Amino acid sequence: MAKFVISRRKFLTSASLGVSGIMLSGCDVFDSQLGVGDGLRSFLEGANGLTWRAQRLLAGDSLAPEFTEADIRQPQRPNGVTAPDDDVYKGLLANNFADWRLEVSGLVEKPLTLTREQLMNMPSRTQITRHDCVEGWSCIAKWTGTPLSLVLDQAVVKPQARYVMFHCLDTIDRSLSGDIKYYGSIDLIDARHPQTILAYGLNGKPLPVENGAPLRVRVERQIGYKMPKYLRKIELVDGFANIGGGKGGYWEDNGYDWYGGI
Amino acid sequence: MESVARSQSTVGPDTALPKDATLIYRQSRWTRLTHWLWAISLFFMLLSGLQIFNARPQLYIGKESGFAYNNTVFAIGAENTANGPRGYTEIFGKRFDTTGVLGWSGPAGRETSRAFPSWATIPSYYDLGTARVVHFFFAWILTTTLVVWLVASLINGHLRRDLVPRIDDLRRLPRDIVDHARLKFHHAREYNTLQKMAYGGVMFVLLPLMIITGLAMSPSMNAVLPFLNDLLGGRQTARTIHFIVMLLLVAFFIIHMLMIFAAGPINELRSIITGWYRTDPPAPGSKTPERSA
């Protein structure tokens, strides 16, 4: 029979040229279809909902892994905004947050205004957990704070409330319509999870400014962008339509998945 | 059951075939369908994965990333030198200049600092959120396809007949390696030893390891499967393994392509598109290890 004959050198040369040609052709063609709101992207985002439901189903009320003191080998790496230059924040910081208040409002029976001392006098929880950043890095630290569920109980959540919105003091972005302060949200299942705390302590010391002083959220079964720093207000809502771009958070409005479990 | 050998005359229009060649139905529809679903999903997962990696182009060993100590095993970056910005790749502390490809790349005069170059990522511009959307969408496709393939291959006998290694395969291994090195190919119904090892390795080692290390990076799945990270050596080790498995899959892809080109691309492509494969006629008086299907 006629056999397919080719010299080894010729074969290796042409094959590697072919492979690199495929690689070099690039994927610019997809770029135009992948912006937030584009058809193809919206279709692919359908998988986010699937991931969320699957993880919800599997995770139930299980706890995130906790570590030992020996695992704390370095300071908690800060990210996002690390030194808010907002006048209000700087004023509060100058006074060591004596005038800072946490507001709890929205769909609650008893809106609250809590001082730092009031929060610290409530039962606390300390946990050594691993912070996983969406970028890919991780850092283990000890967090101390008030379980969010205790604050929610005190405010008495109305039955129609579905999400907890966090409003922050730091400006994350500047747009034509003004400064954008960080905001984010979780649902009530994660809000009432025992490891979800409003943290005021880090590695046995008061929470430093770069890590979100005076108060930040810890949601240990999700990625770092779900844990807002520089908290000023908790708002119980039944949807996101009226907040920011309507997707439940600053990063969500910029294309990140709302459920940061992966 | 599907490996019915037919003489060329019953097959039809493929008149280019020599008279003594035999077309056999080699790849079932499940093998063909899942093959192309993998090809598509692995393509998108690779390029979106490189984009995700660009957000933090470093790999570490252990439970966390060392910032106050060093557990970095791999890094891609850029630095300013007397000759302008240069890209570098660092493996176990040993630095290589990779300007133009890794660390510092782009059209002349408009180079930017990015780990993997823009032609190798989806999207080509930096967008971590979108890369994650693409990556996790195809992760579902890839995993579902693997399960479908496994079930179909158990039922239609593909696993038992074509992939399970036999004593015979072990005996043939040295000759198989020599034949491959000389680009001498036997076109038979059966996979040869190296094929079995390569395909079996991808299906039962690399793809499952990819899925497991992927799950180990999810904080939500850590709560469900807390032992997984301990087993793998920590979340950052899992990420490093995920990356290494990617390199192995790329290596598999390159060899896969080379072998197709060397063994006759038309015949190989036809078998994975239509299922029909042209086998070599048995050499007269030879003891070719042709086994019955």
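Note on naming: letters A, B, ... go to the chains in the order of the sequence lines (proteins, then strands), and numbering restarts at 1 for each one. Fair warning: this is a prediction, and the values are worked out from it, not measured in the lab.
Between chain A and the residues B:Ala223, B:Ser218, B:Pro219, the largest count of heavy-atom pairs under 4.5 Å involves B:Pro219. Between chain A and the residues B:Pro226, B:Ala68, B:Gly62, B:Pro117, the largest count of heavy-atom pairs under 4.5 Å involves B:Ala68. Ranked by heavy-atom pairs shorter than 4.5 Å toward chain A, the options B:Phe136, B:Tyr69, B:Phe138 are led by B:Tyr69.
Of the atoms belonging to B:Phe53, not a single heavy atom falls under 4.5 Å from chain A. Looking at A:Gln222, only its backbone comes within 4.5 Å of chain B, counting heavy atoms on both sides. For B:Asn54, no part lies under 4.5 angstrom from a heavy atom of chain A. With a threshold of 4.5 angstrom between heavy atoms, A:Arg130 approaches chain B through side-chain atoms but not through N, CA, C or O. A:Asp71 touches chain B through backbone and side chain together, each having a heavy atom under 4.5 Å away. Contact annotation for A:Leu40: neither backbone nor side-chain heavy atoms come within less than 4.5 Å of a heavy atom of chain B. Heavy atoms of A:Asn48 lying under 4.5 Å from chain B belong exclusively to its side chain.
With respect to A:Arg56 and A:Asp187, a salt bridge is recorded, a charged nitrogen being found less than 4.0 Å from a carboxylate O. A salt bridge links A:Lys142 with A:Glu69: at least one charged nitrogen is closer than 4.0 Å to a carboxylate oxygen. For the pair A:Arg221 and A:Asp190, the salt-bridge criterion is met [side-chain N within less than 4.0 Å of a carboxylate O].
A ring-centre distance under 6.0 Å is not found for A:Tyr182 and A:Tyr230. Aromatic pair B:Phe185/B:His180: ring centres closer than 6.0 Å. In this structure, the ring of B:Phe137 has its center less than 6.0 angstrom from the ring center of A:Phe43.
Between the side chains of A:Trp258 and A:Ser185, a donor-acceptor pair is found at a separation under 3.5 Å.
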